[in-house]
Amino acid sequence: MSLCPPAFTPAFSISTPCPSIHISVSKRSFISCCSSQSQTAVVNGKLDARIVERDEIRIGLPSKGRMAADTLDLLKDCQLSVKQVNPRQYVAEIPQLSNVEVWFQRPKDIVRKLVSGDLDLGIVGLDTVSEYGQENEDLIIVHDALEYGDCRLSIAIPKYGIFENINSLKELAQMPQWTVEKPLRVVTGFTYLGPKFMKENGLKHVMFSTADGALEAAPAMGIADAILDLVSSGTTLKENNLKEIEGGVVLESQAVLVASRKALVQRKGVLDTTHEILERFEAHLRAVGQFTVTANMRGSSAEDVAERVLSQPSLSGLQVSADYYAIVICVPKMALYKSVQQLRAIGGSGVLISPLTYIFDEETPRWRELLSKLGL
Ligand SMILES: Nc1ncnc2c1ncn2[C@@H]1O[C@H](COP(=O)(O)OP(=O)(O)OP(=O)(O)O)[C@@H](O)[C@H]1O
Ligand SMILES: O=P(O)(O)OC[C@H]1O[C@H](OP(=O)(O)OP(=O)(O)O)[C@H](O)[C@@H]1O
Ligand SMILES: [Mg+2]
């Protein structure tokens, strides 16, 4: 059995039988309290079995800030573009997902509204889920690595003065300065995660205060000894003469897709919609930074070619086996997901999707038309 010469595979044809040689070459390493109009979902810390009655499925997206644009970009890349009439309107739709309402909210309100049952799904940073979700068992992380909004929640102290030689949480805890009367003063916006972390790490004499932004100024202003805030590039800390310490990272964070367990289980359509969103996210994120390589390979049989490809360390593809046959089809953008589902249903696996740059027919239809008009 010989391999199909890829350069001659007609765009609309199904070429069979043709063993599939799907090779993915990595460009970079693959990573490897509040309730509004609803009934309250949490009563005395326990989950309320009731679900807020409504027909639409609701997803909360960040309304402003650095997560907002990246979230819309991700959805767009997954062919789930959000249709927002104007930027001040807080409700929108995703035409590709029927019966889904998009609600633009502040990240912390997305988490609160998931808990209260006013939203079913949301996209926010893991830090926000952890801080405002407070380990609520109704919150489920559906996708934990959307690959943007990377940052860490980390303790930082001044580089100078009594902290000059302090480089770890252990050393910070052992400083004789901290007593009942004069505790370590930490300023943070994370008033749930902060005290929890200090307690778990055995720091006894700690006092927390809170502020909404520019926390890095607090030590120099004499308001706090340390800060607990999000760090990404580290520039803000550096510019304010602060340093992170060993063992001081409370949480590594990036954007996540989070859902209400109750909505997934009880609300009609939420599980199916979540499945579709998840599939699209995973398919897109798996493909980022990968190239599809199609090659003509010399060989005496399909098995021979598969064996030789598998013997190369960088050629670990999705499937390389004589049991698979390559097909090449073209599908319209809008029908992409449906087409993948249909391919799977008839035995498809390892479906690689790349944008199509050109479709050259055997002959341009309009050329024939022109020739005919010219009587040629
Ligand atoms: N420096 C950072 N780099 C990357 N991601 C960050 C950074 N700071 C925060 N994030 C992530 O972005 C999310 C939103 O950040 P934040 O709530 O600070 O929004 P913002 O864009 O700064 O607006 P504002 O603070 O004014 O509300 C955070 O929960 C976190 O997951
Ligand atoms: O490590 P870096 O890349 O310097 O980023 C860290 C800074 O980013 C966030 O602030 P943000 O820009 O959101 O300002 P804010 O305090 O007004 O929210 C965070 O609160 C830090 O201050
Ligand atoms: Mg901010």
Side-chain angles (χ1 to χ4, degrees), residues 31 34 59-75 82 84 87-88 90 102-115 119 121-136 139-159 186-194 196-197 208-221 223-246 248-259 281 285 288:
I31 302 171
C34 78
I59 181 165
L61 303 182
S63 55
K64 64 176 277 290
R66 53 165 54 84
M67 298 280 284
D70 286 349
T71 302
L72 294 180
D73 287 349
L74 171 69
L75 287 163
V82 177
Q84 191 182 12
R88 295 304 296 175
Y90 291 124
V102 170
W103 287 93
F104 290 103
Q105 296 284 294
R106 284 288 194 90
K108 54 183 156 188
D109 289 330
I110 291 177
V111 179
R112 289 167 175 159
K113 287 186 166 79
L114 281 165
V115 170
L119 288 173
L121 288 161
I123 296 179
V124 289
L126 181 65
D127 57 301
T128 312
V129 181
S130 310
E131 173 65 23
Y132 296 95
Q134 303 192 351
E135 290 156 86
N136 188 304
L139 294 176
I140 292 193
I141 306 287
V142 179
H143 196 304
D144 63 346
L146 298 180
E147 297 191 16
Y148 63 93
D150 294 82
C151 56
R152 54 191 178 274
L153 180 62
S154 186
I155 296 169
I157 54 174
K159 287 180 180 165
V186 183
V187 63
T188 187
F190 293 82
T191 53
Y192 171 74
L193 293 176
K196 186 169 165 273
F197 180 79
F208 281 91
S209 63
T210 187
D212 286 335
L215 305 185
E216 291 85 354
M221 290 174 80
I223 300 168
D225 303 302
I227 70 164
L228 173 63
D229 196 11
L230 297 173
V231 181
S232 178
S233 64
T235 309
T236 315
L237 290 183
K238 205 168 139 227
E239 295 302 325
N240 288 282
N241 258 315
L242 300 170
K243 63 183 176 189
E244 290 182 87
I245 50 175
E246 199 197 314
V249 175
V250 175
L251 181 95
E252 297 278 358
S253 178
Q254 61 177 297
V256 299
L257 172 65
V258 59
F281 281 3
L285 294 169
V288 171

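On a predicted model such as this, the values are computed, not experimentally measured, just so you know. Whatever order the structure lists them in is the order used to number ligands and atoms, beginning at 1.
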Colleague: So, does E244 use its side chain to make a donor-acceptor pair with the main chain of S154 at under 3.5 Å?
Modeller: no
Colleague: Ignoring hydrogens, just give me the one of L153, N240, T236 whose non-hydrogen atom is nearest atom 4 (O) of ligand 2.
Modeller: T236
Colleague: State whether a side-chain donor-acceptor pair under 3.5 Å links T236 with E216.
Modeller: no
Colleague: Determine whether Y148 and M67 make a side-chain contact, defined as any pair of heavy atoms from C-beta on separated by less than 4.5 Å.
Modeller: yes
Colleague: Against L114, only a single residue in I59, L119, N136, D109 fulfils side chain to side chain contact (heavy atoms under 4.5 Å, CB included); can you say which?
Modeller: L119
Colleague: Heavy-atom contacts with D127 under 4.0 Å: which atoms of ligand 1 show up? List them by number with element.
Modeller: 28 (C), 29 (O), 30 (C), 31 (O)
Colleague: Can E239 be said to touch ligand 2, with heavy atoms closer than 4.0 Å?
Modeller: no
Colleague: Below 4.0 angstrom from a heavy atom of D150, which ligand 1 atoms are there? Numbered from 1 as shown, please.
Modeller: 3 (N), 4 (C), 5 (N)
Colleague: What atoms in ligand 2 come closer than 4.0 Å to a heavy atom of D229?
Modeller: 19 (C), 20 (O), 21 (C), 22 (O)
Colleague: Is it true that a side-chain atom of S253 and a backbone atom of R152 form a donor plus acceptor pair closer than 3.5 Å?
Modeller: no
Colleague: Kindly identify the option in G65, A211, A214 whose heavy atom sits closest to atom 16 (O) of ligand 2.
Modeller: A214
Colleague: Ignoring hydrogens and angles, state whether a donor on the side chain of Y90 or Q84 is under 3.5 Å from an acceptor on the partner side chain.
Modeller: no
Colleague: Pick whichever of R152, R66, K64 has a heavy atom sitting closest to atom 2 (C) of ligand 1.
Modeller: R66
Colleague: As a check for students: among G149, G65, S232, identify the option with a heavy atom nearest to atom 19 (O) of ligand 1.
Modeller: G65
Colleague: With heavy atoms of V231 as the reference, note each atom of ligand 2 found under 4.0 Å away.
Modeller: 1 (O)
Colleague: Just which atoms of ligand 1 are under 4.0 Å from any heavy atom in M67?
Modeller: 12 (O), 13 (C), 14 (C)
Colleague: Near G125, which atoms of ligand 1 are under 4.0 Å from a heavy atom of that residue?
Modeller: 31 (O)
Colleague: Any idea which atoms of ligand 2 are less than 4.0 Å away from a heavy-atom of S233?
Modeller: 1 (O), 2 (P), 3 (O), 4 (O)
Colleague: I want to check something: taking the side chain as every heavy atom from C-beta on, are F281 and I123 in contact at a cut-off of under 4.5 Å?
Modeller: yes
Colleague: Using a strict cut-off of 4.0 Å, indicate which atoms of ligand 2 neighbour a heavy atom of G213.
Modeller: 16 (O)
Colleague: Would you say the side-chain atoms of Q105 pair up with the backbone N or O of I110, donor to acceptor, closer than 3.5 Å?
Modeller: no
Colleague: side-chain contact (heavy atoms from CB on, under 4.5 Å) for V129 and V124? Distances and angles first, verdict last.
Modeller: CA-CA 7 Å; V129 181; V124 289; 3.4 Å; yes
Colleague: Side-chain contact test, heavy atoms from C-beta onward, threshold under 4.5 Å: evaluate it for V187 versus I223 and give yes or no.
Modeller: no
Colleague: Does any N/O atom on R106 come nearer than 3.5 Å to any N/O atom on ligand 1?
Modeller: no
Colleague: Which ligand 1 atoms does T128 reach within 4.0 Å, using its non-hydrogen atoms?
Modeller: 29 (O)
Colleague: Just distances here: any N/O of L237 and N/O of ligand 2 closer than 3.5 Å?
Modeller: no
Colleague: So for ligand 2, is D212 a polar contact partner (N or O within less than 3.5 Å, distance only)?
Modeller: no
Colleague: Which of the atoms of ligand 2 are close to E216, meaning less than 4.0 Å from one of its heavy atoms?
Modeller: 21 (C), 22 (O)
Colleague: What is the distance from atom CG of D70 to atom CD of E147, rounded to the nearest 0.5 Å?
Modeller: 12.0 Å
